[in-house]
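Reminder, nothing fancy here: chain letters follow the sequence lines and each chain counts from 1.
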Number of protein chains: 4
Amino acid sequence: MKWLTAIFLLAGMVASMRSHPRRAPARTGRPRSAEADAAILGATRAALVELGWSRLTLGDVATRAGVAKTTVYRRWSGKSELVVDAVAELFDELELPDRGSLAADIEGVVLQFAALLERPEARTALMAVVAESTTDVPLRERIRVSIVDRQKRLVLEGRARARARGELPVETDPVTAARAADLIFDMIAGAVVHRALVSCEPVDRHWVGRFTAVLLGGLGAAES
Amino acid sequence: MKWLTAIFLLAGMVASMRSHPRRAPARTGRPRSAEADAAILGATRAALVELGWSRLTLGDVATRAGVAKTTVYRRWSGKSELVVDAVAELFDELELPDRGSLAADIEGVVLQFAALLERPEARTALMAVVAESTTDVPLRERIRVSIVDRQKRLVLEGRARARARGELPVETDPVTAARAADLIFDMIAGAVVHRALVSCEPVDRHWVGRFTAVLLGGLGAAES
Amino acid sequence: MKWLTAIFLLAGMVASMRSHPRRAPARTGRPRSAEADAAILGATRAALVELGWSRLTLGDVATRAGVAKTTVYRRWSGKSELVVDAVAELFDELELPDRGSLAADIEGVVLQFAALLERPEARTALMAVVAESTTDVPLRERIRVSIVDRQKRLVLEGRARARARGELPVETDPVTAARAADLIFDMIAGAVVHRALVSCEPVDRHWVGRFTAVLLGGLGAAES
Amino acid sequence: MKWLTAIFLLAGMVASMRSHPRRAPARTGRPRSAEADAAILGATRAALVELGWSRLTLGDVATRAGVAKTTVYRRWSGKSELVVDAVAELFDELELPDRGSLAADIEGVVLQFAALLERPEARTALMAVVAESTTDVPLRERIRVSIVDRQKRLVLEGRARARARGELPVETDPVTAARAADLIFDMIAGAVVHRALVSCEPVDRHWVGRFTAVLLGGLGAAES
DNA sequence: ATGTAAACGAGACGGTACGTCCCGTCTTATC
DNA sequence: GATAAGACGGGACGTACCGTCTCGTTTACAT
């Protein structure tokens with residue numbers, strides 16, 4: 001059973017690396033306060049809701065969290081990193097219950113994305129950190145791992161279910177499969193984000209229905 | 001011949017209103033320098049390329065433009081407004097030559113958008129101003145007028161041509177027609193932006209081909 | 001009677017030179033508005049009362065006077081010069097009625113100075129322009145001509161009367177006489193200004209009485 | 001022994017209150033740098049000498065002191081307050097050695113004042129801050145405590161010595177005594193300042209001799 | 001229980017940019 | 001050529017945050 005232990009250890013490392021990637025396990029001295037971590041992330045989301053991205057300051061976050069500024073900087077190297085982690089926690093809640101058909105699952109994914117983009121902290125933060133990431137490669141990677149991949153997981157899950165149901169053919173070439181998944185993901189996520197944040201129109205059931213119809217029709221047509 | 005003068009005055013008002021919407025035509029005093037306007041917008045784009053959105057400062061823009069800071073603030077109320085106008089000029093170049101078929105026209109639109117998003121000034125600026133606009137309604141409107149509508153124009157043009165060619169049925173209900181156009185626009189623009197800025201993958205001919213196939217297939221399926 | 005005309009001409013020249021020393025008599029074009037001059041000087045005094053020296057700006061003065069900024073700059077080279085001229089007009093009102101004795105005349109002079117220093121425009125302006133004059137020689141000269149000499153005139157007049165009355169001996173050596181007058185003037189003006197502006201105590205009849213007693217006692221003792 | 005600690009704390013509070021009157025002793029956080037204080041005050045005097053009051057800027061002072069602008073503003077609320085403190089240090093040097101007689105002591109005081117007013121930093125600053133104080137009551141108080149009272153101390157000291165020598169009668173009524181001291185102080189300080197800064201004539205031994213003769217004569221005459 | 005080393009709160013520090021105010025000059029059209 | 005209007009290049013303002021630093025204090029773990 002040693003391998004199971006190893007897996008959990010690995011999981012622990014991965015989990016701790018996620019939030020504080022390169023920190024050694026630090027055996028002596030006062031350990032960092034877990035409460036402080038939570039308070040800071042919560043304060044960050046609260047500040048995002050109240051102030052929006054551009055008026056949010058780390059000093060203010062520290063004050064809201066009842067924490068010194070140094071305590072924030074000890075954990076995060078800047079505003080972008082902190083906000084990514086604060087918003088990423090929202091994406092942990094994403095779930096895709098099996099709704100019985102590919103169409104229903106797609107609608108479920110879209111509605112989940114849309115609900116997230118209704119939250120003001122996500123609205124104001126997501127575009128901002130993506131904008132920052134155009135000139136900051138490490139940040140781009142952090143966003144991919146913490147946010148984008150968590151979204152994409154839903155799409156992959158839905159596709160796997162559709163295949164199991166026989167609604168989609170089993171793609172044998174992994175490269176082609178990945179390309180197809182990327183395309184679908186960009187189309188779903190892109191359309192929802194554009195509708196919600198650029199066009200600023202509601203992502204309601206009518207829109208979702210029309211969108212899903214076009215997307216599914218396209219998939220069917222393209223596959224045949 | 002006084003009416004001629006009036007027409008020219010009116011034309012001047014309209015022209016000046018386009019760039020600085022609410023400014024009265026100011027009959028007395030020294031007129032604003034048109035050179036300064038152009039120099040500032042050019043300097044803004046140059047600074048965006050070099051520094052990116054977050055490191056761009058209005059003081060630096062003024063210096064680059066060989067202009068005093070007050071001259072910038074006299075025309076634009078802040079960084080977001082200035083950048084929207086500076087980037088909007090790029091969108092004036094968008095053209096949609098008739099490529100003979102709906103599929104070819106869609107590919108043309110997508111490639112045009114993608115080429116724009118290759119430009120570093122657009123990459124770094126677009127997401128940033130959209131992020132700002134989530135907490136700034138006037139800015140949202142400015143973006144819509146200056147940027148989004150200029151993009152959407154291409155889609156509308158492409159649809160009109162396809163109808164003329166008989167590739168698309170003539171929609172009689174204007175509300176349904178507008179909804180359909182909005183959906184297509186969000187799907188096209190959203191997918192391209194997501195691919196280019198979030199997934200950070202190239203929008204090349206292969207991707208465009210696959211995307212267009214899915215979209216057109218979906219349109220055909222949805223319509224039948 | 002030609003010499004009388006000459007005297008009046010001379011007086012006119014001197015008067016015009018006083019306010020705008022070096023201006024040529026400008027024979028062509030639109031003549032300068034005399035109303036503007038008066039309005040500017042009045043507005044300057046009003047602004048001094050309301051804002052004090054340091055918050056007074058020439059733009060504000062121009063607005064108050066209903067005049068363009070250029071109209072102010074055409075007449076005065078800067079804030080100090082303008083304020084000196086504005087305040088100097090107050091010193092034109094200084095009069096020394098013959099009160100019958102040297103002691104009474106001194107008390108009269110002191111009270112006149114004190115009354116002037118009660119006016120807020122004089123309080124705030126006088127020290128300020130003197131401070132400026134420590135690093136600005138032409139300004140120093142302007143202050144001497146426009147303000148200091150007008151004060152000193154009273155002292156000289158009082159001394160002449162006292163001599164006529166026989167209260168003071170007739171000094172034959174002009175150098176000694178001038179030195180004595182300077183000393184008395186510095187003592188009177190200095191004491192009043194210091195009392196009013198530095199110690200910020202009222203220059204009332206009691207203080208004036210005690211001051212005059214000491215000064216006159218000193219003059220009597222020094223002369224014998 | 002806790003009361004001893006308390007006394008030292010109190011002493012510290014009093015000492016710090018002298019330079020920054022209302023600041024609490026601030027037990028936590030990084031303490032303020034005493035070097036910065038000294039550097040700023042020194043830089044202020046240097047800038048006054050070079051530029052004069054009106055061209056002195058707090059930004060320039062900070063640069064000269066090798067300090068950030070915020071470090072200046074953290075300690076002083078504005079130019080006037082800073083300059084008062086910077087110039088006040090010059091008045092700490094004032095000393096009145098016993099020169100054996102009232103006349104000699106007065107001449108000593110006058111020459112000390114005059115020497116101070118020879119220094120360009122004092123020349124340009126004193127009138128300026130007094131001018132500001134006409135519209136700024138807290139500043140007036142600061143000037144009184146930091147500058148005027150330090151000057152007046154010399155006069156009071158000289159008077160005490162003269163009484164001890166029997167040159168002046170011992171005044172029993174404290175109100176009358178204070179009035180007399182104030183009058184003498186205004187006459188001495190006022191005459192010197194007026195001579196030096198308004199008339200712009202040298203305060204040399206001849207002038208001091210004549211001034212002292214008049215003043216002492218007046219005192220003698222008034223007292224008898 | 002005691003030592004030690006890191007985390008912690010507080011806040012001062014050197015900086016950068018902000019957006020505003022005023023300067024003194026200039027460029028218009030009008031008088 | 002004087003005037004009203006107002007744009008212009010420029011400089012300083014006082015403020016807000018940045019990210020770092022230096023304090024004194026607290027806290028868990030290793031002796």
Those residues that, when tested against B:Ser133, pass side-chain hydrogen bond (donor to acceptor under 3.5 Å, both in side chains) (two or more places apart): none
Rounded distance in Å - CG (A:Asp60) to P (F:dT15): 19 Å
Nucleotide nearest C:Ala68 when distance is taken to its side chain, options F:dA5, E:dA12, E:dC8: F:dA5
Sugar-phosphate, base or nothing in reach of A:Gly78, heavy atoms under 4.0 Å: nothing
Heavy-atom side-chain proximity of A:Trp76 to A:Val61 below 4.5 angstrom: no
For residues 64-73 of chain B, please give each side-chain donor-acceptor pair under 3.5 Å, one per line with the distance, not counting sequence neighbours.
unit_1  : atom_1 : unit_2  : atom_2 : d
B:Arg64 : NE     : B:Asp60 : OD2    : 2.8
B:Arg64 : NH1    : B:Glu50 : OE2    : 3.3
B:Arg64 : NH2    : B:Glu50 : OE1    : 3.0

Under the salt bridge (Lys or Arg N to Asp or Glu O under 4.0 Å) test, residues paired with A:Arg45 that sit two or more places apart: A:Glu89
Nucleic acid contacts - residues 46-57 of chain C versus DNA chain E, non-hydrogen atoms under 4.0 Å: C:Thr57
Integer-rounded Å distance: E:dC13 C1' and D:Arg75 CZ: 9 Å
Counterpart residues, side-chain hydrogen bond (donor to acceptor under 3.5 Å, both in side chains), relative to B:Thr44 (two or more places apart): none
Nucleotide-resolved protein contact map, nucleotides 25-31 of chain E, B/S/- at heavy-atom distance under 4.0 Å: BBBB--B
Results of salt bridge (Lys or Arg N to Asp or Glu O under 4.0 Å) for C:Glu121 - residues two or more places apart only: C:Arg119
Residue mapping more 5' on DNA chain F - nearest nucleotide basis, C:Thr71 or B:Thr71: C:Thr71
Side-chain touch A:Trp53/A:Met127, heavy atoms, less than 4.5 angstrom: no
With sequence neighbours excluded, residues passing side-chain contact (heavy atoms from CB on, under 4.5 Å) with D:Ser33: D:Glu35, D:Ala36, D:Arg75
Spacing between A:Trp76 atom CH2 and F:dG19 atom P, to the nearest angstrom: 15 Å
First of B:Gly59 and C:Ser77 reached from the 5' end of DNA chain E, by closest nucleotide: B:Gly59
Qualifying residues under side-chain hydrogen bond (donor to acceptor under 3.5 Å, both in side chains), relative to B:Ser54, sequence neighbours excluded: A:Glu132
Distance in angstrom units between D:Glu35 CD and E:dA12 P, rounded: 17 Å
